[in-house]
Each structure stands twice: as structure tokens, then as C-alpha cells.
Amino acid sequence: MTATVARIETYDDFVKVHGLLLAASGLPQSLHYKLFEKLTSEAFDGGAYFQIEPCEDSRQRRLLFTSDSMPAESNVFLVDHAWTFRLSDAYTQLQEVPGLARRMASLMCVDIDLNSDVKDGNGVAEENNPKLNVLDVVEKDINDAKVTGFDTVRWLELEELDMDDDMLLSLDLSCKFPDLTALSLCGNKLVHADIIVQEVTKLKNLRALWLNNNPVLENCDGHMMNAIVQGCPKLEIYNSRFTSNFGEWALGFCGDIYDKDNPGCISQSDSQFQSVTSLDLSNRYINSLINKAFSPVEMPLLSHLNIRGNPLEQNSVSESLALLEGFPCLQSLEVDIPGPLGDSAVEILESLPNLSLLNGVKASKILETGNHVIDSKLHPRLPEWAADEPLADRVLNAMWLYLMSYRLADEEKLDETSVWYVMDELGSALRHSDEPNFRVAPFLFMPEGKLESAVSYSILWPIQNVQNGDECTRDFLFGFGEDKQRSARLTAYFHTPQNYFIQEYEKFYQRLQFKNLTSLPVKSSSTRRLCRIDGRPLRVYTDIPPVEEFLTRHEFVITTEPKDADIIWTSMQVDDEMKRATGITDEQYVNQFPFEACLVMKHHLAETVQKAYGSPEWLQPTYNLETHLSPFIGDYCIHKRDGTNNLWILKPWNMARTIDTTVTENLSAIIRLMETGPKICQKYIERPALFQGKKFDLRYIVLVRSMNPLEIFLTDIFWVRLANNQYTLDKHSLFEYETHFTVMNYRGKLNYKNTPEFVREFEQEHQVKWSDIHQRVRNMIRSVFEAATLVHPEMHNPNSRAMYGVDVMLDSSFHPKLLEITYCPDCTRACKYDTESVFGPGEVVRGQDFYNCVFGCLFLEETTHVKPL
């Protein structure tokens with residue numbers, strides 16, 4: 001708790017108000033006074049010590065130290081915040097705040113056109129010449145071939161020309177260019193796989209084909225690729241991947257031997273590889289390196305080789321090492337570690353003693369320090385964008401490489417959502433290092449002595465001695481060790497070894513497949529029955545107002561003393577501490593089961609289901625990011641590799657009302673969002689069943705009388721929760737709460753729909769029988785609670801009764817998907833709403849009768865208005 005003063009005038013006032021903030025920042029105490037001076041005088045003097053310069057082909061910036069020298073912990077600098085926002089407001093601010101998108105795009109180096117050096121004032125490529133059409137390009141290439149002396153066109157680039165399937169057919173490429181070696185159709189409007197296969201497979205001499213960024217790939221499985229590879233027997237490159245036919249041509253393309261000016265002769269016999277010294281084969285999805293063209297005989301002078309991002313699954317570690325050992329001049333190697341050459345950098349160097357560099361690190365340093373796992377030279381994850389993509393969209397994609405966050409708190413409560421911010425140009429130029437020379441921390445300066453006057457800054461200070469010309473770096477993952485999945489978290493910023501993560505996913509998935517409900521033993525035990533003594537009412541203690549107000553049955557009476565109650569129905573956790581404080585005993589009935597966290601906390605719920613069933617259809621692929629980040633990254637990489645939908649939803653472990661819940665397809669965003677609290681990451685239901693074009697979910701109320709034997713009941717009614725906006729997967733809509741979320745009684749306009757009306761209209765809209773859907777939901781809910789009894793038998797307590805809310809969504813095939821299970825106090829707000837609006841005229845169970853029904857089922861063993869599952 002911070003002290004309050006009228007206004008910060010002295011250093012003592014500063015420390016009194018900011019003591020906790022100073023301690024949390026990690027700033028050495030010797031710099032506290034200097035920070036006070038700079039904050040009160042607003043001294044931004046970093047420009048006298050630092051210089052920003054472009055790097056990575058102007059796609060990043062770095063910060064250089066330009067003064068003579070600076071000892072560690074000798075100075076502190078203020079860094080302004082260029083943009084501060086809540087995540088839900090990001091897109092709106094970029095659209096509406098003048099100049100914000102332009103500044104952020106420049107700061108994040110996404111204001112350039114990757115394909116042109118000519119830019120207009122908005123950073124977008126200038127089209128001085130009208131765009132050529134397909135026929136113009138074809139005619140130009142034919143004329144160019146004649147000028148250069150080629151008998152025919154062998155390399156054809158028909159990129160971003162709005163070509164559709166009909167145009168592709170009309171070109172008749174196989175007749176015009178029978179000897180075509182390389183064909184790029186990137187960025188067009190090709191939709192039908194059968195037409196593409198038909199036309200491409202006529203090109204029997206084709207060595208390379210690129211179809212990237214065509215609609216056909218969005219919903220395409222591997223059949224099109226297999227058909228093209230089979231129909232083009234010489235094809236070596238397909239969409240940047242090497243095919244199993246790869247050989248000299250593909251290697252020559254990666255070695256900068258073959259290109260448009262030198263596409264290679266069809267019957268070329270003289271090898272041009274004798275002079276090759278460097279070869280980059282990264283991310284070519286190569287399954288086997290053992291190939292006649294890739295050999296020491298063909299490339300005797302090869303000194304640098306990059307084979308990152310290749311599974312090499314057809315080669316054993318020993319086979320791959322033996323092959324590389326045969327290259328006499330190989331001195332520098334880049335490979336995923338752990339990966340196809342093993343898990344140890346030291347062992348790789350011992351097998352390849354001629355190497356002087358491994359992943360950019362000197363071999364001598366690795367051997368001296370004994371680093372067994374090393375991947376120091378990770379390539380930065382640079383954002384990609386299309387030339388016509390608006391600046392705001394580019395920023396939304398790139399910002400996760402620059403964002404930092406904090407959460408506000410005062411004496412009363414912690415803010416529910418985090419504040420994200422981007423440091424100014426100087427701070428954002430600090431790049432990552434595992435051994436940084438500077439440290440950065442957020443700092444809230446309160447000049448008036450209270451939170452309302454706070455101004456946010458970042459503070460920067462040296463933690464090592466720095467000299468003129470040194471690059472200034474910080475640790476993006478300060479405080480995160482391998483116990484917190486540091487290496488996996490680096491994937492937010494760098495291209496880490498995909499193969500390793502895919503292997504981790506495959507191991508995770510295989511473990512799920514071995515799970516089987518029948519493999520878990522079930523033991524029955526008795527459940528104590530509650531009996532009224534001498535006909536007197538059962539005394540109920542509750543701190544939940546609707547129970548006190550609406551429980552009107554004569555069999556129950558409300559008491560204000562917990563120790564006197566037969567039944568404790570509370571929103572508080574009934575633990576040993578509470579029992580001691582209130583006098584509650586083990587003989588009283590409580591509305592909680594032991595270990596019910598295995599159901600009501602999202603990560604435990606997923607774990608419970610996965611332990612029981614593996615990966616049932618009704619549970620979307622789910623990862624606890626705090627423990628299974630690596631297999632999640634592998635799953636993400638597989639979706640990206642296969643071109644399938646990669647949209648995910650992140651949910652906090654134990655927060656309601658969709659607080660801190662995000663939908664995104666950005667891998668860096670997913671990893672960075674872990675910083676705002678522990679989360680699960682779940683595959684988003686991209687194609688839900690819709691009601692009148694809107695997303696919805698269903699809240700079912702489940703009453704649990706016993707866990708062993710399992711006695712559960714479903715109420716006659718359920719709540720229909722509707723989104724307010726029409727459903728869409730447009731990327732901008734992901735920031736719209738009222739499009740993708742359905743809990744509107746806390747945010748947005750609340751639209752009610754009573755059960756009979758919804759069922760009738762839904763059946764008419766979709767021509768289905770709700771009874772069939774309802775039975776599938778019932779089966780799923782039963783399975784969930786069976787999983788809990790089997791995986792956690794310790795849940796059983798004869799004195800426990802409980803009510804849970806089970807949230808369900810239907811997919812486009814009308815199959816249920818489990819969303820979450822909530823605690824009793826949160827699972828129904830029925831009584832706070834107008835009963836006619838919620839339940840509708842003629843409903844069997846009205847709001848004022850709800851708790852009478854619940855207590856009758858759980859404590860009097862009645863089944864009116866509930867059905868056993």
C-alpha cells in the first residue's frame with residue numbers, strides 16, 4: 001500500500017509514495033534519487049547517449065551506445081510510452097486517433113513495401129505504371145526469352161494478377177511453354193483444385209511450382225499436392241517445400257545457381273556445384289538428406305550449411321552426422337537443437353570436429369562451457385504483410401513483438417484487465433539478448449501523490465559496463481527460466497525449431513490416444529441420506545440473497561448462524577479455516593464437493609477429461625499453457641504447415657464473464673498473453689451453429705446429489721445466451737465483444753430468449769429435431785461428471801450436494817462442445833431477472849420456484865422439474 005501526500009515536492013515524499021513501485025521495478029537504490037530528479041524535471045536525455053539504426057534489411061531497428069563508456073548501475077533514463085491501451089480498444093484507437101497508426105507502423109518497421117523501394121508518403125508502394133494483366137506478362141516473357149537467346153520461356157512468374165480458374169485454362173500453358181521449369185502463380189484467385197491439377201500436370205518438365213496465397217489452399221488437404229507431385233515427375237519444389245524427388249535443381253535454386261536468368265537446362269550434365277560454398281536449406285520440410293546431389297563429391301567446397309526447420313525423419317541421427325562428416329570444408333552449421341542431429345550441441349561438435357561455428361556460436365565456447373543444448377542464433381520473427389494491407393492491420397500483427405504490460409491496483413482491488421503499452425522509438429529499438437547489458441521496467445509516477453495523477457513511463461538503466469559502439473539489449477523474458485518454459489516462450493520473438501515442438505505435440509497427442517474410460521476402476525460407496533428430525537424444517541444458512549429470498553418451501557427455514565444449520569449453502573470456500581471460524585462441522589451438509597476444482601477451473605477440467613477420455617469430440621483441443629506450451633506450439637505449426645484454420649481462444653484458468661479472454665490466430669500474441677495470468681488455449685470453434693446469424697451458447701443447470709454412486713440431474717430449463725452482432729470471422733471482428741462472446745449481462749445489451757421459443761425457432765431455421773440435440777448434450781454432461789468420479793474419486797463426500805452451470809456450444813453439425821463448468825453461486829442469476837423474460841409464459845419452473853426445485857431435488861430427493869442423467 002502506498003502512502004498519500006498532497007504533492008511530490010521532496011525526495012522523501014517521492015520514496016514515501018513510490019516505495020513499493022521502486023522495489024518492484026528492481027532499480028538499484030543508488031539510482032532512486034537520480035530517477036526522482038529526472039521524473040520531476042521530465043528529463044528525457046537518452047538522445048545524448050544512444051542512437052537508433054536500422055538492421056535486418058530495415059525490418060528492425062537496434063539501439064547503439066554512442067557515449068564513450070558507462071559503468072553498470074551508474075545512470076537511469078526515462079523512456080516515454082508511445083501508445084497505451086486495453087486490448088479490446090486497440091483496433092478502434094488505430095482507426096480513430098490521428099497519426100497513431102502511422103507512428104506505430106514506422107516504429108515497428110511495417111510502413112515499407114517489401115516488394116518495392118518506391119513509396120508514397122503513407123509508406124505504401126506507389127504504382128507509377130498501370131498493373132499488367134496476365135497476357136501482358138506472358139507476352140513480355142516470350143519477348144525477353146527471344147532477346148536472351150532462349151528457345152522458349154522456362155521461368156514464368158504470374159503473381160498477383162487477379163487470375164482466376166477460367167483465365168488459367170485459357171492460357172493453355174503446356175502448349176505455349178512445353179519446357180517450363182518454374183511456375184509461380186502466387187497471390188491470385190485460383191479456387192478449384194481439379195482445374196489446377198489438370199493444367200499443371202501437363203507440364204512434364206516442371207521443377208518448381210508456387211501456389212502460395214491462393215484461395216484454393218485455405219480448405220485444401222494433401223490430395224492436390226499428391227496429385228501434382230505424381231503428375232509432374234520432375235517436380236522438386238512445391239510451395240517452397242522440397243518434394244521427395246528433390247535433387248540437383250532444388251539444391252541449385254537454394255544455392256543461388258538457378259533463377260529466372262538461369263533456369264537450368266533440361267539435359268544439363270555438367271555440375272555447377274563444384275564452387276558452391278554456402279547452402280541455405282532452412283524450412284524446406286526435407287525428410288531425407290541422403291541424396292545423390294547432396295554429397296561431398298558434388299559440393300566439395302561447401303563450408304556453410306543451414307538445415308534448420310527440416311524434420312529429416314527418414315534419417316537416423318548417426319546417418320545424418322555421417323553424411324555431414326564427409327564434407328571436408330564444412331565449418332559452419334545451423335541446425336535445430338534439439339533436432340535431427342540430437343539434443344546435445346557438444347555431441348554434434350564431437351561428431352563433426354571440423355566445425356568452428358554451430359548456430360553462430362564458436363565451437364570452442366560451446367566445448368569450454370559444456371552447453372549441451374544451444375540455439376543462440378535464433379532468427380527474429382519478422383512480421384509479414386501484403387502490399388495493400390492497411391497500416392492499422394500491419395500494426396495489429398506486428399505489435400506483439402514490441403508490447404509490454406502492467407496491471408493497475410489500489411488499496412481496494414486489482415484491475416481486471418491488463419494495460420498494454422509500446423515504448424517510444426528509443427525503448428522499442430532495444431533488442432533481446434540472453435545476456436543483456438540494460439534492464440527496463442515500467443514505472444508509474446504519481447506527481448499528486450495518488451493513482452489518478454499517475455503518468456506511466458519505462459525506466460532504463462545499464463546492468464553491465466558498456467562502451468562506445470555496443471548494441472544496447474534487454475532480456476525480453478526477464479525472470480523467466482526453463483521452469484517457466486523460457487525456450488518455448490522465445491517463439492514469440494524468434495523462429496525456434498519447429499520440428500522439436502511438432503515432436504512434443506505428437507508425444508502429447510499419443511498420450512491422449514491411450515486414455516480410455518474403461519481403464520479406470522470405479523468403486524461404489526454409500527451416500528448419506530438427509531432426514532428431518534421430528535418433522536421440523538431443515539435449517540439453511542446462506543450468504544446468497546436469491547436463496548434467502550426465494551427458498552419458500554415449508555421444509556426449509558433460514559438461519560443466520562452457520563453452526564446451527566443443517567445445510568450450508570454459501571458462495572465461500574468451506575475449508576478448515578472457515579470451519580474453525582464459524583463452527584461448521586463435518587456432519588453438516590454443504591453445497592460443495594471436495595476437489596471440485598477438477599471441474600470448475602478450466603485447466604483442471606481439461607486435464608480431468610483428457611485423463612479419462614483422451615481427446616473426445618466434444619472437447620476442443622485444449623492446452624494448459626503453463627505446462628504444455630511446447631505441444632501447443634507444435635499443434636499450431638502443424639495447422640500453419642497444412643494451411644488449416646489456426647484460430648484459438650485463450651481463457652484464464654479461473655475467471656468468469658470472459659474477462660481477459662482473447663480470440664487470435666497470432667502465435668506471438670498467444671505466447672505474450674500468458675504474461676497477464678495463467679491460461680488455457682483452446683481451438684476456436686470457427687463454425688458454430690448460429691441462431692438467426694448470431695453466435696449463441698447454452699447454460700444448463702446440473703444438480704449433483706452424489707458422486708459415488710453418481711447421481712446427477714438436469715433441470716427442465718436452460719438459458720440461451722445470444723451474441724448481439726451477426727457472426728463473422730473477419731479479423732477485425734475479433735476485437736468486437738458483441739460478435740464473438742455471448743455473456744451480455746455484464747457487457748453490452750442483454751437479449752433474452754426463453755427456452756420453448758428458442759427451440760421452436762431453431763428447429764424451423766435448421767430443420768432439425770431439438771430432442772436429438774438435447775440427447776447428445778445429456779450424454780456429454782453425463783460423461784463429464786463420470787470423468788470426474790473416475791479420475792478424482794476423492795471428490796465423493798456423503799455430506800456434499802452441489803449445483804453447477806455447464807456451458808455448451810453447438811458446432812455447425814449440431815454436436816455439443818463443452819465450454820466450461822461454473823460454481824454454484826455463479827451458475828445462475830435467474831432470480832435477478834424478470835421471470836417472464838427469462839422463462840417465458842407457461843414455463844414449468846419459474847424464477848421464484850427455482851431454488852425450491854433445487855433444494856427439493858438435493859435434500860428431499862424429489863425429481864419434479866429435473867431429470868436424472
Side-chain angles (χ1 to χ4, degrees), residues 56 59 208 210 212 217 222 225 236-246 250-256 278-291 293-294 302 304-317 319-321 323-324 330 332-345 348 352 355 357-361 373-384 401 487-507 629-644 646 666-668 671:
E56 299 291 341
R59 299 190 59 195
W210 295 276
N212 309 68
L217 297 180
M225 181 181 76
E236 299 185 30
I237 297 178
Y238 175 83
N239 281 0
S240 301
R241 297 188 186 188
F242 279 17
T243 72
S244 58
N245 300 327
F246 89 87
L251 294 172
F253 174 80
C254 292
D256 295 325
S278 180
L279 187 60
D280 184 355
L281 301 180
S282 60
N283 300 308
R284 295 293 176 178
Y285 298 94
I286 302 171
N287 291 310
S288 175
L289 266 184
I290 298 176
N291 185 289
F294 183 74
L302 184 65
H304 173 78
L305 175 65
N306 185 347
I307 54 173
R308 289 179 182 269
N310 294 295
L312 303 184
E313 55 193 18
Q314 296 178 13
N315 304 144
S316 66
V317 171
E319 286 175 335
S320 298
L321 288 170
L323 174 62
L324 297 178
L330 187 61
S332 174
L333 175 66
E334 293 189 44
V335 63
D336 298 334
I337 304 175
L341 300 186
D343 298 339
S344 169
I348 293 174
L352 303 173
L355 287 182
L357 287 175
L358 179 59
N359 290 351
V361 180
V373 179
I374 186 166
D375 208 352
S376 298
K377 193 180 178 183
L378 295 173
H379 296 294
R381 186 178 292 278
L382 301 173
E384 302 289 341
L401 304 175
S487 294
R489 286 176 184 259
L490 280 173
T491 305
Y493 306 98
F494 298 95
H495 291 284
T496 50
Q498 286 191 13
N499 296 327
Y500 167 75
F501 294 116
I502 290 175
Q503 290 168 10
E504 291 297 297
Y505 162 74
E506 290 171 346
K507 288 188 287 187
L629 178 58
S630 290
F632 160 70
I633 294 173
D635 196 356
Y636 182 97
C637 290
I638 289 173
H639 278 281
K640 186 171 184 179
R641 179 193 69 190
D642 296 343
T644 53
N646 225 346
N666 187 312
L667 179 59
S668 295
I671 299 172

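None of these values were measured; they are calculated from a predicted model.
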Closest heavy-atom pair and its distance - Ile671, Ala488: CD1-O, 4.1 Å
Side chain to side chain contact (heavy atoms under 4.5 Å, CB included) evaluation trace for Phe294 with Leu305: CA-CA 11 Å; Phe294 183 74; Leu305 175 65; 3.8 Å; yes
Straight-line distance of Asn359 CG to Asp336 CG, nearest 0.5 Å: 8.0 Å
Gap separating the OH atom of Tyr505 from the CD atom of Gln498, nearest 0.5 angstrom: 14.5 Å
Derivation of the side chain to side chain contact (heavy atoms under 4.5 Å, CB included) call for Asn315 and Leu323: CA-CA 10 Å; Asn315 304 144; Leu323 174 62; over 6 Å; no
Atom pair CG (Leu217) and CG (Asp642), whose distance is rounded to the nearest 0.5 Å: 11.5 Å
Over all atoms of both residues, closest heavy-atom pair of Arg381 and His495: CA-NE2, 3.7 Å
Residues Ser332 and His304: side-chain donor-acceptor under 3.5 angstrom: yes
Spacing of CD1 belonging to Ile286 relative to CD1 belonging to Ile307, to within rounding of 0.5 Å: 8.5 Å
Closest non-hydrogen atom pair between Pro340 and Asn310, with its separation: CG-O, 3.9 Å
Worked verdict on Ser668 versus Tyr493 for side chain to side chain contact (heavy atoms under 4.5 Å, CB included): CA-CA 7 Å; Ser668 295; Tyr493 306 98; over 6 Å; no
Nearest heavy atoms of Asp280 and Ser282, plus distance in Å: OD1-OG, 2.7 Å
Gln314, Glu313, Glu319 screened by side-chain contact (heavy atoms from CB on, under 4.5 Å) with Ser288, the one that passes: Gln314
Derivation of the side chain to side chain contact (heavy atoms under 4.5 Å, CB included) call for His379 and Arg308: CA-CA 10 Å; His379 296 294; Arg308 289 179 182 269; 4.2 Å; yes
Pairwise side-chain contact, Ile638 with Phe501, heavy-atom cut-off 4.5 Å (strictly under): no
Note, Ile502 side chain near Pro311 side chain (heavy atom, < 4.5 Å): no
Gap separating the CD atom of Glu504 from the CG atom of Asp635, nearest 0.5 angstrom: 13.0 Å
Minimum heavy-atom distance between Phe494 and Pro380, given as atom pair plus value: CD2-CA, 3.7 Å
Axial cation check for Tyr285 ring with Arg241, 6.0 Å and 45° limits: yes
Heavy-atom side-chain contact between Leu279 and Cys254 under 4.5 Å: yes
Distance in Å, Ile348 CD1 paired with Ile337 CD1, rounded so as to fall on 0.5 Å steps: 4.0 Å
Ile237 side chain near Trp210 side chain, heavy-atom distance below 4.5 Å: yes
Under 3.5 Å donor-acceptor, Asn287 side chain and Ser244 backbone: no
Within-4.5 Å side-chain heavy-atom neighbours: Leu324 and Leu341: yes
